[in-house]
Amino acid sequence: MGSRSGDGAAVSAAVLVCWLCFAAAGVGAIGANWGTQASHPLPPETVVRMLKDNGFQKVKLFDAEEGTMNALKKSGLEVMVGIPNDMLSTMATSMKAAEKWVDTNVSSYLNDGVSIRYVAVGNEPFLETYNGSFLQTTFPAIRNIQGALIKAGLGNQVKVTCPLNADVYISSTSKPSDGDFRTDIHDLMLTIVKFLSDNGGAFTVNIYPFISLYIDPNFPVDYAFFEGASSPIVDGSFTYTNMFDANHDTLIWALKKNGFENLPVIVGEIGWPTDGDRNANAQLAQRFNQGFMSHIASGRGTPMRPGPVDAYLFSLIDEDEKSIQPGNFERHWGIFTYDGLPKYQLNLGTSNSGGLVRARGVKYLENKWCVLKPSVSLNDPKLADNVGYACSMAECTSLGYKTSCGMLDTRGNISYAFNNYFQKNDQDDVACGFQNLATTTGQDPSTGTCRFGIMIEVDSAFSWRLQGHGNNLLLILLLVLLQLFLSFS
């Protein structure tokens, strides 16, 4: 699982050549998206060290959480800090709120040694699935945050941007040259683009060939990758052999048609998941991400925008509490597992990239798993409800057709669900009750690509998620007594 291999001298030579290629091409440093929607996130200090150990030079955040920002102090990492969508309304309607946010989350951290370069206002706010929820607040929020940065004397040092999904522009044909902004938001997009251009900002776009493959079974698989397509798209004098270039240049054409062809573009998210779908596995993720890294290492850029590509891989670490509404793969975008283990070999083209380096100093709970009792019959009527409960409260997206645990038999599936719930609740004995259907074991049930994880320690962790199934009367009694005590105090 991501361990180094091969002859040392040969690997070192290859790494040196790749790094020299990046340096000669003047390619911008590769960044990583660091999301924290996890039940047991790695300590921020551990993640920052992992970023540096792997040669990342910049990081993109989705908020400005205090622990994360403190860990980034004096790290040398360039930071894009985020304002979540649920804060857009406040930022849009109150200049005072925008100024306070900048003072708390930008100015103070800059003074303490956090190298903040961008503020990402919102995250894909114009997704069609949001049904226009943020159409009225996104631009006013961008404008107010920019105004607050200027008032704080940071207008030249920190720039605003707004990460947008690639669905904000379309091509009426498959050709990039027919690209333009979506008709329903065309005027709004031009307002935002002009504002970004006037204030030295950048257009940030998230590009996902995987999603195209996921939603369209007829999408040509080879076009999602970088080895050349059997049916390339010819657009004038340019030939497109991969979706990334074509999608990126559809945006460049949209900008060009509206008078902004020189606006800087940042690829805010790009990556490939490793589980939760038949096209999501470590092999395809390695193929895509390594292909992308090699593609931008050439320094050629895209046909319409030659030169370095400014990009952030999505994502650094798996997040087991992300919404799976878009698909079960949503919790598996990381190039590292929840506990900081590399999922596959990936050369990032950095000076110290001999392969991905695991997180250091990670502490685990006991080597103990929760499994279905061998004596329990699969016809037991209590099984269905208990498995359903475990999966609703924990993480079962690795189960299913052509997933990492797709080879498990029925007993294995049940044990996986029970164990995931048990681990997510910090191996509390109550969490391996399931109406006396389960038991703990010291023998690792992992098999093949299916990993039965051991949860990592989290400082001061207490499992308030336990909502008991089976042997939880003691817990309920304790909570009732606590409630009574609080009511009388």
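Predicted model, so just to flag it, every value in this text is computed and none were measured.
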Scan side-chain atoms only and decide if [X] and [Y] contain a donor-acceptor pair under the 3.5 Å cut-off.
X: Asn206; Y: Glu124; answer: yes
X: Asp275; Y: Asn328; answer: no
X: Thr137; Y: Ser89; answer: no
X: Glu395; Y: Thr397; answer: yes
X: Asn279; Y: Tyr214; answer: no

Salt bridge (Lys or Arg N to Asp or Glu O under 4.0 Å) for Lys256 and Asp180? Distances and angles first, verdict last. CA-CA 9 Å; Lys256 182 177 181 178; Asp180 203 349; over 6 Å; no
[X] (side chain) donor-acceptor with [Y] (main chain) under 3.5 angstrom:
X: Arg305; Y: Asp249; answer: no
X: Asn199; Y: Phe195; answer: yes
X: Ser294; Y: Gln290; answer: yes
X: Ser197; Y: Val193; answer: no
X: Glu269; Y: Tyr312; answer: no
X: Asn419; Y: Gly453; answer: yes
X: Glu330; Y: Lys322; answer: no
X: Asn85; Y: Asn123; answer: yes

Locate the shortest heavy-atom distance separating [X] from [Y]; write the atom from each residue and the value.
X: Thr90; Y: Ala97; answer: CG2-CB, 3.7 Å
X: Asp339; Y: Val362; answer: O-CG2, 3.6 Å
X: Thr250; Y: Pro176; answer: OG1-CA, 3.4 Å
X: Leu135; Y: Leu188; answer: O-CD2, 3.7 Å
X: Leu313; Y: Leu346; answer: CD1-CD2, 4.3 Å
X: His295; Y: Asp245; answer: NE2-OD1, 2.8 Å

Decide, yes or no, whether a salt bridge links [X] with [Y] under the criterion of side-chain N to carboxylate O below 4.0 Å.
X: Asp53; Y: Arg358; answer: no
X: Lys424; Y: Glu321; answer: yes
X: Arg331; Y: Asp318; answer: no

Report, as yes or no, whether the 6.0 Å neighbourhood of atom [atom1] on [X] holds more than 12 heavy atoms from other residues, nucleotides or ligands.
X: Lys175; atom1: NZ; answer: no
X: Asn156; atom1: CG; answer: no
X: Lys402; atom1: NZ; answer: no
X: Lys73; atom1: NZ; answer: yes

Please, which pairs that meet salt bridge (charged side-chain N to carboxylate O under 4.0 Å, His left out) have at least one residue in residues 212-232, sequence neighbours excluded? Glu227-Arg287
Atom pair [atom1] ([X]) and [atom2] ([Y]), whose distance is rounded to the nearest 0.5 Å:
X: Asn281; Y: Gln286; atom1: CG; atom2: CD; result: 11.0 Å
X: Thr104; Y: Met69; atom1: OG1; atom2: CE; result: 11.0 Å
X: Leu77; Y: Lys60; atom1: CG; atom2: NZ; result: 15.5 Å

Applying ring pair (Phe, Tyr, Trp, His ring centres under 6.0 Å), run through Phe225 and Trp272 and close with a yes or a no. CA-CA 11 Å; Phe225 298 93; Trp272 200 280; 4.8 Å; yes
So that I know where these two stand, are Phe126 and Tyr130 an aromatic pair - ring centroids less than 6.0 Å apart? no
Aromatic centroids of Phe292 and Phe244 separated by under 6.0 Å: yes
Take Asn247 and Tyr169 through the side chain to side chain donor-acceptor pair (under 3.5 Å) test and state the conclusion after the steps. CA-CA 9 Å; Asn247 191 299; Tyr169 51 88; 2.4 Å; yes
Classify the ring geometry between Trp333 and Tyr208 as parallel (under 30°), tilted (30 to 60°) or perpendicular (over 60°). tilted
Using 30° and 60° as the class limits, which term best fits the ring planes of Phe226 and Phe288: parallel, tilted or perpendicular? tilted
